[in-house]
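Data first, discussion second: the structure below is written as structure tokens.
Chain letters run A, B, ... following the sequence lines, proteins first and then strands; every chain starts at 1. All values below were derived from every heavy atom in this structure, side-chain atoms included, with hydrogens, water molecules and symmetry-related copies excluded.
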Amino acid sequence: AQSVTQPDIHITVSEGASLELRCNYSYGATPYLFWYVQSPGQGLQLLLKYFSGDTLVQGIKGFEAEFKRSQSSFNLRKPSVHWSDAAEYFCAVGAGIQGAQKLVFGQGTRLTINP
Amino acid sequence: DGGITQSPKYLFRKEGQNVTLSCEQNLNHDAMYWYRQDPGQGLRLIYYSQIVNDFQKGDIAEGYSVSREKKESFPLTVTSAQKNPTAFYLCASSMRGGTGVRPQHFGDGTRLSIL
């Protein structure tokens with residue numbers, strides 16, 4: 001069965017600093033990988049996705065992620081964070097089985113931005 | 001604009017009472033999902049439906065029930081058998097397709113509390 005691990009429960013960075021959020025997955029086949037962001041009391045918004053092809057994917061809000069098959073990782077990065085990036089971030093791996101579309105989510109990483 | 005509407009935003013339940021959470025989408029998506037979110041545990045799948053009049057149990061279906069009588073609607077009932085119903089509930093939808101995994105789009109959630 002697929003699983004996702006986000007090793008960092010909480011990260012604090014200063015505004016303008018670079019950011020990297022870690023995600024490791026376990027899945028036997030080629031994974032479908034996603035990063036979502038959640039503001040307090042809100043639903044999840046898709047930041048980016050990886051299905052195949054170029055291993056560096058660009059998303060919204062200046063985020064990017066790199067798929068590394070050898071490390072089973074899909075880390076999220078941003079060169080310079082803004083105070084509005086404070087939120088919770090979820091990595092997810094998907095499996096399509098006979099049309100079913102199931103996502104397994106990591107436990108999330110809460111990002112705090114220092115002014 | 002297309003999207004997913006969850007109502008109510010806040011819901012209170014008395015002991016022994018069933019409550020129903022509403023989820024409506026106008027994205028013309030075939031598949032719909034219900035997740036439960038608890039602090040530090042990420043999202044866990046309760047039920048999902050790929051087409052009208054069909055649904056499957058997710059990882060934590062005990063104490064919950066759903067129906068899918070219309071493509072646009074996927075209500076979730078939290079029954080009195082669910083002993084720890086206090087949580088944030090998220091509804092999502094996606095296109096249904098072939099062998100791939102499509103991104104899921106989320107509503108803004110319903111927070112359920114026990115009186």
Among the clusters formed by ILVMFWY side chains lying less than 4.5 Å apart, do B:Tyr48 and B:Ile60 turn up in the same one? no

Heavy atom to heavy atom, less than 4.5 Å: which residues from residues 40-52 of chain A reach chain B? A:Gly41, A:Gln42, A:Gly43, A:Leu44, A:Leu46, A:Lys49, A:Phe51

Count the heavy atoms of every other residue, nucleotide or ligand shown that sit under 6.0 Å from CZ of B:Arg13, and state whether that count exceeds 12. yes

Same apolar cluster (I L V M F W Y, side chains within < 4.5 Å links), B:Tyr35/B:Ile4: no

Assess whether atom NZ of B:Lys9 is packed by more than 12 heavy atoms of other residues, nucleotides or ligands within 6.0 Å. yes

Worked check of side chain to side chain contact (heavy atoms under 4.5 Å, CB included) between B:Leu90 and A:Gln38: CA-CA 11 Å; B:Leu90 287 162; A:Gln38 183 182 34; 4.1 Å; yes

Please classify the contact between B:Leu45 and chain A as side chain, backbone, both or neither, with a heavy-atom cut-off of under 4.5 Å. side chain

Quick one: do B:Gln104 and A:Tyr36 satisfy side chain to side chain contact (heavy atoms under 4.5 Å, CB included)? Show the steps, please. CA-CA 10 Å; B:Gln104 294 181 12; A:Tyr36 285 87; 3.8 Å; yes

Cluster link A:Val104 to B:Tyr89, ILVMFWY, side chain under 4.5 Å: no

Just wondering, more than 12 heavy atoms not from A:Ile9 lying within 6.0 Å of its CD1? no

Tell me whether A:Trp35 shares a hydrophobic cluster with A:Val4, the cluster being built from Ile, Leu, Val, Met, Phe, Trp, Tyr side chains joined at under 4.5 Å. yes

What part of B:Gln37 gets within 4.5 angstrom of chain A, counting heavy atoms only: side chain, backbone, both, or neither? side chain

Test side-chain hydrogen bond (donor to acceptor under 3.5 Å, both in side chains) applied to B:Ser94 - qualifying residues, sequence neighbours left out: B:Tyr33

